[in-house]
Structures are given as C-alpha cells and as structure tokens.
Amino acid sequence: MIDERSQVLADLAAIPERLAAAAEAADLVEREIPIEGWPARLIVAHLALVERVVWRRRLDDLEAAGDGPGPRWSYTEPGVGEGPGDATLAELLDRFATARSETLARIRALDAAGWARQGVHERFGPLDVAGLLREALKHDEEHLEELRTRGG
C-alpha cells in the first residue's frame, strides 16, 4: 500500500504528461472550432503561473513559519498574469513541467516536521502540506477536464 505522501507526489508528477496530452488534443480542435473560455495555451500558461505564485509561495510561507503559528491564506486566482505572449504551446507545457518539477523537488526535501506544517486558508480551513497539495491537484484536474472536454 502506498502512503499518502508517496501518492500525492506521484499524482503531482503525473500531471505534466497528462496536461500535455489534453492540451495538444484541445489545441488541434480549437484551431478549427471557435470555443468559449480560455484556449489551451492560456490554460497551460495559467497552470504554470499558479504553480509559481500560489503553490510554491504557500510552501515558502510554511517554511518561513517554522515551528511558529502557520500562515493565513486568502483565496488567490492569478488568472494568466501577462499571458503566454508569443510562447508556443510546447514552450508553455515545458514551462509548466519545469515549475512542477521544482515544486516536487522542494516537497521531496521536506522532513517530517516540514511535511506536518499547517496554514489556514480562508476558504478551505487548516491545510497541512498534503492538504495544500490535494488542493493543487484539484485545481489541475479542473483544468484537465476543461481541456479533455474540448479535445475528445
């Protein structure tokens, strides 16, 4: 049986490949059929931005708190920042994969005390590292589903 930490890490590590497949399929359809909402390039740009400015910052917050009281987080939705610019879908997918890889390295380096640290989210309540990462996975899955419904 796989423990929670190993499962969360495996699930997070699988997202870049799943995202690439879904985004590439959706991008092919979007070139032919107008869509409502964000096209695949914007979704991937958004996920790369969220990885850096939401999930990684919250890990920073937990680390900075150390053994003291945990951080308090508000709901944050950064959109697409300055957007993908001229970046291709492949470049954006690479940007996300690199950001996720850096996040995974940080998480793998946590000791037991680091893994147990908690913050409080205004919407989700108390979140330890595993809870924070489950929220990241939920966010990833929402956007993967959005892409899958377009790409077939």
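The first residue of the sequence shown is numbered 1, and numbering continues consecutively from there.
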Which side-chain N or O atoms in residues 117-125 pair as donor and acceptor under 3.5 Å with protein atoms at least two apart or in another chain?
residue: Arg117; atom: NE; partner: Gly66; partner atom: O; Å: 3.1
residue: His121; atom: ND1; partner: Arg123; partner atom: N; Å: 2.9
residue: His121; atom: ND1; partner: Phe124; partner atom: N; Å: 3.2
residue: Glu122; atom: OE2; partner: Tyr75; partner atom: N; Å: 3.0

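Residues meeting the salt bridge (charged side-chain N to carboxylate O under 4.0 Å, His left out) test with Arg56, sequence neighbours left out: Glu102. With sequence neighbours excluded, the residues that form a side-chain contact (heavy atoms from CB on, under 4.5 Å) with Ala26 are Glu30, Ala40, Leu147, Arg150. For Asp94, the salt bridge (charged side-chain N to carboxylate O under 4.0 Å, His left out) test picks out no residue, with sequence neighbours left out. A search for side-chain hydrogen bond (donor to acceptor under 3.5 Å, both in side chains) contacts involving Ser74 returns nothing, not counting sequence neighbours. For Glu63, the side-chain hydrogen bond (donor to acceptor under 3.5 Å, both in side chains) partners two or more places apart in sequence, or in a different chain, are Arg106. The side-chain contact (heavy atoms from CB on, under 4.5 Å) test applied to Leu144 returns Ile15, Arg18, Leu19, Ala22, Glu141, Arg148, not counting sequence neighbours. Every residue two or more places apart in sequence or in another chain that forms a side-chain hydrogen bond (donor to acceptor under 3.5 Å, both in side chains) with Thr76 is listed here: Arg58. Residues passing the salt bridge (charged side-chain N to carboxylate O under 4.0 Å, His left out) test with Arg52: none are found, sequence neighbours excluded. Under the side-chain contact (heavy atoms from CB on, under 4.5 Å) criterion, Ala130 pairs with Glu4, Trp115, Asp128, Arg134, sequence neighbours left out. When the side-chain contact (heavy atoms from CB on, under 4.5 Å) test is applied to Pro16, the partners found at least two apart in sequence or on another chain are Phe96, Ala97, Arg100.
Within the structure, ring pair (Phe, Tyr, Trp, His ring centres under 6.0 Å) pairs that include any residue of residues 126-146 comprise His46-His139, His46-His143, His139-His143 (at least two apart or interchain).
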